[in-house]
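Single-structure report; data block below.
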Amino acid sequence: MPVLLGTRSTLLSNSLAVASGLLLVSALSGCGMLDDRSERYVSAKEGKPLELPSDSEKANFSQVMPIRDVAVADASKFYPSSIPNPPDMTSEILDENYAIEELDGRVWLLVNDVPGRIWPAANAYMTERALGVDYDSPQLGLLQSELLNFSKRARQLAELPSNPGADESKVVLQVRMAPGVRRKTTEIQVGKLTVDGQPQELVPWSGVANPTPEALELQKRLLADMGDFLKAREENKSFSRAASAWSVILWSSSCQATSRLQRSA
């Protein structure tokens, strides 16, 4: 059929518009038609290892790019199917605030508080028991007493002989504090060290490996004594807070009574 002059450009432009529209629709619909393969690499199964022919020399074959062995990924870690349970808040609660624990020849006092709060209380314990603090290191959580040989009370606490001889060995006591395995707890250890004369610095903590039964029992008694001291100190603080609150109440009541008397006069 003959085409009239001047209509060719119109037909061509209409055809281009229709083709462009089809291409745009195809492109937009293609995004939805593509398969989402983002999770396939997570849940993909490991392929079979390459097997060489039985008559081949294995020594002639080697890996061009060795690949180290890795653990198979757990897809549930990337795409959990359910919301995890909340943490158990009661796991941080101890049955006792001060408990002596023992494991593999080691004994320690487990305190239900952070080391930063136990540090000043341990210093007070050393002073009150006449042990003194000769050297200390808050960074290491280590306290070192003065020589125990020259204090009767310190000798009794460390179970030194009541009648010392001229050649008696010099002894110091160390207290070590460290964060416990449980959150917001402190583990306290003690150790009695024999030194050569007056120490000029803090002796590094080495612990006591495989202590004798006598040394282990001494550590337990010292830790029990420290636990009693810390517990009494905590109870005294609580009592002081309660007494202070009661004093404020009495003071407020007396002020109100005085004010009423003044108004009535």
Side-chain angles (χ1 to χ4, degrees), residues 71 84-148 153-161 169-195 199 201-235 237-238:
N85 296 325
D88 184 10
M89 301 304 295
T90 61
S91 62
E92 299 180 2
I93 302 176
L94 300 178
D95 296 333
E96 300 179 13
N97 287 336
Y98 306 94
I100 296 179
E101 297 187 350
E102 180 181 357
L103 179 65
D104 296 335
R106 293 175 57 253
V107 61
W108 64 90
L109 175 65
L110 182 62
V111 184
N112 192 21
D113 208 341
V114 294
R117 295 183 180 178
I118 301 300
W119 179 264
N123 275 272
Y125 169 81
M126 300 280 283
T127 303
E128 201 277 338
R129 293 295 192 266
L131 301 173
V133 178
D134 203 0
Y135 299 99
D136 64 342
S137 174
Q139 292 79 10
L140 300 176
L142 196 59
L143 294 171
Q144 182 171 302
S145 73
E146 300 172 352
L147 290 177
L148 307 183
R153 189 175 184 184
R155 294 181 65 89
Q156 293 176 351
L157 190 64
E159 298 182 356
L160 296 179
S169 301
K170 302 299 186 292
V171 177
V172 296
L173 186 72
Q174 284 189 334
V175 177
R176 180 177 180 269
M177 286 161 280
V181 177
R182 291 191 178 187
R183 292 182 56 197
K184 299 180 180 180
T185 61
T186 304
E187 294 181 1
I188 304 178
Q189 295 177 271
V190 295
K192 187 174 71 170
L193 303 179
T194 301
V195 294
E201 59 182 358
L202 184 66
V203 180
W205 172 267
S206 59
V208 181
N210 300 322
T212 62
E214 294 77 10
L216 193 62
E217 289 300 322
L218 175 60
Q219 293 180 29
K220 291 181 180 180
R221 284 191 288 269
L222 290 172
L223 292 174
D225 183 61
M226 182 180 294
D228 294 339
F229 175 85
L230 297 177
K231 184 176 181 180
R233 180 184 175 91
E234 181 182 355
E235 292 176 352
K237 285 185 177 180
S238 301

Member of V175, L157, V172, L222 meeting the side chain to side chain contact (heavy atoms under 4.5 Å, CB included) criterion with L131: L157
Rounded distance (nearest 0.5 Å) linking atom CG of D225 with atom CG of L109: 10.5 Å
Residues that Y125 engages under ring pair (Phe, Tyr, Trp, His ring centres under 6.0 Å), provided they are two or more places apart: F229
Student check: side-chain heavy atoms of L147 and P199 closer than 4.5 Å: yes
For A121 against L230, the heavy-atom pair lying closest together: CB-CD2, 3.4 Å
Minimum side-chain heavy-atom gap E234-D113 below 4.5 Å: no
Sub-4.5 Å side-chain heavy-atom contact between N97 and K231: no
Test item: R153 and E128 side chains (from C-beta on) under 4.5 Å apart, heavy atoms: yes
Partner set under side chain to side chain donor-acceptor pair (under 3.5 Å) for E159, not counting sequence neighbours: R221
Interatomic distance, Y98 atom OH to N112 atom CG [nearest 0.5 angstrom]: 8.5 Å
Derivation of the side chain to side chain contact (heavy atoms under 4.5 Å, CB included) call for V111 and M226: CA-CA 11 Å; V111 184; M226 182 180 294; over 6 Å; no
ring-ring contact (aromatic ring centres under 6.0 Å, His included): pairs with one or both residues in residues 99-120, sequence neighbours excluded: none
Presence of salt bridge, R182 and E187, under 4.0 angstrom: no
R129 side, atom CZ; Q156 side, atom CD - distance, nearest 0.5 Å: 12.0 Å
Donor-acceptor contact present, side-chain R155 to main-chain P161, <3.5 Å: yes
Partners passing side chain to side chain donor-acceptor pair (under 3.5 Å) against D134 (at least two apart in sequence or in another chain): Q198
Of all pairs that satisfy salt bridge (Lys or Arg N to Asp or Glu O under 4.0 Å), the ones with a partner from residues 171-181, not counting sequence neighbours: none
T186 versus V114, closest heavy-atom pair with distance: OG1-C, 3.1 Å
Taking every non-hydrogen atom, the tightest pair across A178 and P115: C-CG, 4.2 Å
Candidates I118, L142, L140 - the one meeting side chain to side chain contact (heavy atoms under 4.5 Å, CB included) with M177: I118
Gap between atom CG of L173 and atom CE of M126 - 0.5 Å precision: 5.5 Å
Rounded distance (nearest 0.5 Å) linking atom CD of Q219 with atom CD of Q189: 8.0 Å
Closest contact, heavy atoms only, A154 versus A130: CB-O, 3.8 Å
Distance-minimising heavy-atom pair for L218 and A158: CD2-O, 3.8 Å
Partners meeting side chain to side chain donor-acceptor pair (under 3.5 Å) with K220 (sequence neighbours left out): E102
Heavy-atom donor-acceptor pair, Q144 side chain to V203 backbone, under 3.5 Å: yes
